[in-house]
Protein chains: 2
Amino acid sequence: MAKKLDEWHGCPMRYAAAMIGDRWKLLILRDLTLKGARRYRDFLDAGEGIATNILASRLVQLEDAGIVNREQDPKNAARTIYSLTPKGTDLIPTLLAMIAWSAQWDPETEVPASFERALRSDAEALAHEIRDKLPQFAGE
Amino acid sequence: MAKKLDEWHGCPMRYAAAMIGDRWKLLILRDLTLKGARRYRDFLDAGEGIATNILASRLVQLEDAGIVNREQDPKNAARTIYSLTPKGTDLIPTLLAMIAWSAQWDPETEVPASFERALRSDAEALAHEIRDKLPQFAGE
DNA sequence: TGAACCGCTTGCAATTCGCAAGTTACCGAA
DNA sequence: TTCGGTAACTTGCGAATTGCAAGCGGTTCA
């Protein structure tokens, strides 16, 4: 029997797999981290074809995991703003490691040369740069 | 967000998400990389409760992706040996980034202090160390 | 030669996914 | 102040995937 969802803790790979081991969650994190997505529609329109019910479920899971923050836009109550929490921004090095791997092994993947150079020469600095450009949510 | 980060449209993350964006694949990679798993039964017995049909399907997908190699044990034709290809071992930094994240954010993490220390001080060296200890498959 | 093991495969019920349509709330213009 | 449009979901339903258990063909060992 598969481990219950409350038995995630302990093994770090099991924890990470449970939290972000999902195609759609990774794409949502990409959009938040690298594409400036902040609203529900941004994710829907990201070009990956995620269904709206799946998007809603993944955003709830990421919020419950403490990775994503959800808040009402103070200037427009009809709008919701999604952002990365500190726990979420701490995933940037993981995303960058994936990008470096894909850049090396997927012949059809296009990573800008400047980006890949920055990644290979100093990934930590690039991670900081990306993090510092992210908008902060109101709770921070 | 800065245009520099918008030049490409998520291809590398889409590729990585498609290849390893799955809970079971990440656990299989963990077992291969860190737990010395080499045979079908090793994965079944890893304690995660993966179903045998799911395991078989994921191993095929990882093999098709060029991440995992499957070969017959030359000393026992009834046995199959699974191992990481170079494309697979190049995922070690990604796994280590996930482990570092989990070690930081899972309050019940079981990452040994010595491992975490090695990870934080020189992740690249640790990745090499892990890779060098892996068995090579016959094709290499 | 037969029992045991190994690596799967199959059958089936239950869960999850993906698509499309519907719903609720808010905002801005008339 | 109402009305149309937008934003963020929610619901319904058929299809695909998952999880569980049993089965199966090949190989090794006693």
Side-chain angles (χ1 to χ4, degrees), chain A residues 1-8 14 17-28 31-32 35-65 68-84 135 137-138, chain B residues 14 17-28 31-32 35-65 68-84 135 137-138:
Chain A
M1 178 176 45
K3 286 229 168 192
K4 298 257 176 180
L5 297 186
D6 55 354
E7 294 172 6
W8 287 350
R14 179 163 63 230
M19 294 292 169
I20 61 167
D22 174 84
R23 173 170 137 71
W24 294 122
K25 287 183 192 173
L26 289 174
L27 293 173
I28 289 168
D31 294 341
L32 278 168
K35 296 182 80 178
R38 303 189 69 194
R39 303 220 314 268
Y40 192 86
R41 185 138 294 278
D42 294 338
F43 304 109
L44 279 184
D45 295 344
E48 301 293 344
I50 188 171
T52 173
N53 56 337
I54 304 300
L55 173 59
S57 82
R58 294 305 188 279
L59 286 171
V60 167
Q61 288 170 24
L62 287 170
E63 197 191 353
D64 288 348
V68 160
N69 178 258
R70 181 176 178 276
E71 60 186 327
Q72 199 179 53
D73 186 338
K75 288 167 187 160
N76 185 338
R79 291 186 172 179
T80 302
I81 294 174
Y82 290 96
S83 57
L84 291 168
F137 67 87
Chain B
R14 185 188 312 133
M19 293 291 169
I20 60 167
D22 174 84
R23 171 169 138 71
W24 294 121
K25 288 183 190 172
L26 289 174
L27 292 173
I28 288 168
D31 293 342
L32 279 168
K35 293 198 160 184
R38 304 190 70 194
R39 304 220 316 267
Y40 193 85
R41 184 138 296 275
D42 294 338
F43 304 109
L44 279 184
D45 296 344
E48 302 293 343
I50 187 170
T52 173
N53 56 337
I54 304 299
L55 173 59
S57 82
R58 294 305 190 277
L59 286 170
V60 167
Q61 289 170 25
L62 287 169
E63 196 191 355
D64 289 348
V68 159
N69 179 257
R70 172 202 270 129
E71 60 187 329
Q72 198 179 54
D73 186 337
K75 289 165 186 163
N76 185 336
R79 292 186 173 179
T80 303
I81 294 175
Y82 291 94
S83 58
L84 290 169
F137 67 88

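Just so it is clear: chains get the letters A, B, ... in the order the sequence lines come, proteins before strands, and each one is counted from 1.
Per the geometry, CD belonging to A/Gln72 stands 9 Å off C1' belonging to C/dC26, to the nearest Å. In this structure, the NZ atom of B/Lys25 is 13 Å from the C1' atom of D/dT17, given to the nearest Å. Following rounding to the nearest Å, B/Asn53 (CG) and D/dA16 (P) show an atom-to-atom distance of 18 Å.
OP1 or OP2 of D/dA8 has not a single side-chain nitrogen or oxygen of A/Arg79 nearer than 4.0 Å. Side-chain N/O atoms of A/Arg58 include one lying less than 4.0 angstrom from OP1 or OP2 on C/dC17. Using a 4.0 Å cut-off, no side-chain N or O of A/Arg70 falls inside it from OP1 or OP2 of D/dA8. Note on A/Tyr82: a side-chain N or O is less than 4.0 Å away from OP1 or OP2 of D/dC9. Taking only side-chain nitrogens and oxygens, A/Trp24 never comes nearer than 4.0 Å to OP1 or OP2 of C/dC17.
Candidate nucleotides C/dC27, C/dT9, C/dC19 were compared by shortest atom distance to the side chain of B/Ala56, and C/dT9 ranks first. Among the nucleotides D/dT18, C/dG18, D/dT10, the one closest to the side chain of B/Ile54 is D/dT18. Distance from the side chain of B/Thr52 is smallest for D/dA21 among the nucleotides D/dA21, D/dG19, D/dC9.
Ring geometry, A/Tyr40 versus A/Tyr82: the interplanar angle falls from 30° to 60°, so the pair is classed tilted.
Contacts of B/Thr80 with the nucleic acid, taken as non-hydrogen atoms under 4.0 Å apart, involve only primed sugar atoms and P, OP1 or OP2.
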